[in-house]
Amino acid sequence: MPELPEVETIAARLRLGSGDAPPLLGKTITRARLLWERTLVTPGAEEFLARITNQRFREVGRRGKFLIFTLSPDSLLLHLRMSGDIWLEPQTTEVAKHHRLLLELDDGWRLAFNDARKFGRLWLVADPATVLKDLGPEPLDAGFRPNEFYRRLHASRRQLKPLLLDQSFLAGLGNIYTDEALHMAGLHPCTLSDATSLAQAQKLWHSIQEVVREGIRRNGASIDWVYRGGDFQNHFRVYQRTGQPCPVCGTPIQRKVVGQRGTHICPLCQPEPGEG
DNA sequence: CACGAGACCTGTTCGC
DNA sequence: TGCGAACAGGTCTCGT
């Protein structure tokens with residue numbers, strides 16, 4: 001489920017509260033329950049449970065696809081991977097099948113991490129930078145500029161799609177937003193990064209900005225049974241639209257595999273590189 | 001350095 | 001209806 005816009009939406013809802021749930025900020029953890037140990041990267045389970053108890057939520061943030069809970073004095077980092085989600089629920093709620101971590105709070109609510117596929121990962125650390133140090137720039141950061149993007153595209157020779165998915169190149173894009181951005185830019189996912197012109201790189205930069213902003217504005221995308229609350233899935237241009245018409249030219253969207261990921265393109269708007 | 005295969009997991013959907 | 005294959009918003013490690 002979660003790429004940058006989904007994680008941003010989750011962070012905002014936890015921070016501010018949503019529906020019946022109150023804001024998370026200011027609550028203190030009275031008890032932690034780890035239901036699937038492998039979710040935890042560091043420290044060990046015993047130390048984790050002891051150390052997180054009595055810490056207070058001071059901020060909820062995001063970096064790339066990581067959720068960052070600033071506690072006192074530690075930080076809890078969470079990566080939702082493929083099927084993770086996290087929300088507040090009353091402590092009286094029955095523990096759902098795929099809950100992996102419960103953080104009981106001092107006001108009767110609990111923070112519940114739910115993750116069917118068990119790919120999600122947790123870190124409790126003194127310094128978030130130890131986990132986040134290899135991440136590339138934030139797409140919406142004011143310091144992320146088109147010319148620098150062009151320079152870095154040309155610093156390696158890789159297919160655009162796998163490069164955009166590489167979190168050390170750019171933080172936050174996943175399969176949906178990469179396919180959407182490449183389509184908007186009119187670039188084939190197999191185009192070699194150092195073969196892009198300055199104009200193409202600038203167009204791709206703008207497309208990334210636009211797609212990510214639209215995703216956030218629509219509270220992310222809700223697909224399948226995993227994530228609910230977003231609307232962006234109703235506005236996909238190519239993602240999971242195999243056989244349906246391209247919104248630009250009407251040509252049926254094709255699905256292929258690029259870098260071992262399902263990839264959706266318009267064969268007319270995104271011509272194969274090389275022959276052109 | 002760049003790429004592909006396999007691993008980690010469970011659930012849903014599709015084809016026969 | 002049943003059953004296996006394919007597929008899923010991600011990332012890591014290993015071999016070439």
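Note on naming: letters A, B, ... go to the chains in the order of the sequence lines (proteins, then strands), and numbering restarts at 1 for each one.
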| request: Considering only NZ, NE, NH1 and NH2 on the basic side and carboxylate oxygens on the acidic side, decide whether A:Glu59 and A:Arg15 come within less than 4.0 Å. | output: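 Salt bridge: yes.
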| request: Flag the pair A:Glu214 and A:Arg237 as a salt bridge only when some basic side-chain nitrogen lies within less than 4.0 angstrom of an acidic carboxylate oxygen. | output: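 Salt bridge flag = yes for A:Arg237 with A:Glu214.
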| When all nucleic acid strands are considered with a 4.0 Å heavy-atom cut-off, which category describes A:Tyr239: base, sugar-phosphate, or nothing? |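 Sugar-phosphate contact only - A:Tyr239 comes under 4.0 Å of backbone atoms but never of a base.
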What is the distance from [atom1] of [X] to [atom2] of [N], rounded to the nearest Å?
X	N	atom1	atom2	value
A:Leu165	C:dT11	CG	C1'	11 Å
A:Arg261	C:dT11	CZ	C1'	9 Å
A:Phe169	B:dC3	CZ	P	13 Å
A:Gln167	C:dT11	CD	P	4 Å

Given the [atom1] atoms of [N] and [M], what is the spacing between them in whole Å?
N	M	atom1	value
C:dA5	B:dG6	P	15 Å
B:dC9	C:dC3	P	26 Å
B:dA5	C:dC7	P	13 Å

| task | Verify whether the ring centers belonging to A:Trp123 and A:Phe66 lie closer than 6.0 Å. | result |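 Close enough - the centres of the two rings lie under 6.0 Å apart.
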| Checking side chain to side chain donor-acceptor pair (under 3.5 Å) against A:Lys161, which of A:Thr191, A:Thr178, A:Asp179 comes through? |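 Exactly one option meets the side chain to side chain donor-acceptor pair (under 3.5 Å) with A:Lys161, and it is A:Asp179.
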Please check if the number of heavy atoms outside [X] that lie under 6.0 Å from its [atom1] is greater than 12.
X	atom1	result
A:Glu210	CD	no
A:Asp141	CG	yes
A:Arg157	CZ	no

Listed nucleotide nearest any side-chain atom of [X], set [options]:
X	options	answer
A:Lys65	B:dA2, C:dT11, C:dA8	C:dT11
A:Arg255	B:dC3, B:dG11, C:dA8	C:dA8
A:Gln240	C:dA8, C:dG10, B:dG11	C:dA8
A:Arg38	B:dC9, B:dA2, C:dT11	B:dC9

For nucleotides 4-6 of chain B, which of its nitrogen or oxygen atoms have a protein nitrogen or oxygen under 3.5 Å away, and what is each distance?
residue: B:dA5; atom: N7; partner: A:Gln260; partner atom: NE2; Å: 2.6

| said: Identify the stems formed by DNA chain B, where each pair is Watson-Crick or G-U wobble with both distances under 3.5 angstrom and a stem is at least 3 consecutive pairs. | reply: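 Listed by first number, the stems are B:2-8 with C:10-16, B:10-16 with C:2-8.
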| query | Using centres under 5.5 Å plus planes under 30 degrees as the test, is A:Phe119 stacked with C:dT11? | reply |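 A:Phe119 ring does not meet the centre or angle cut-off for C:dT11; no stack.
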| said: Both A:His98 and A:Arg121 contact DNA chain B. Which one's nearest nucleotide lies toward the 5' end? | reply: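 Nearest-nucleotide comparison on DNA chain B picks A:Arg121.
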| message | Does either side chain, that of A:Arg241 or that of A:His264, offer a donor lying less than 3.5 Å from an acceptor on the other one? | response |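 There is no such pair (donor and acceptor under 3.5 Å, judged by atom type) between the side chains of A:Arg241 and A:His264.
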| message | Which label fits A:His154 and A:Tyr150: parallel for a plane angle under 30°, tilted from 30 to 60°, or perpendicular past 60°? | response |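 Plane angle between 30° and 60°, so tilted.
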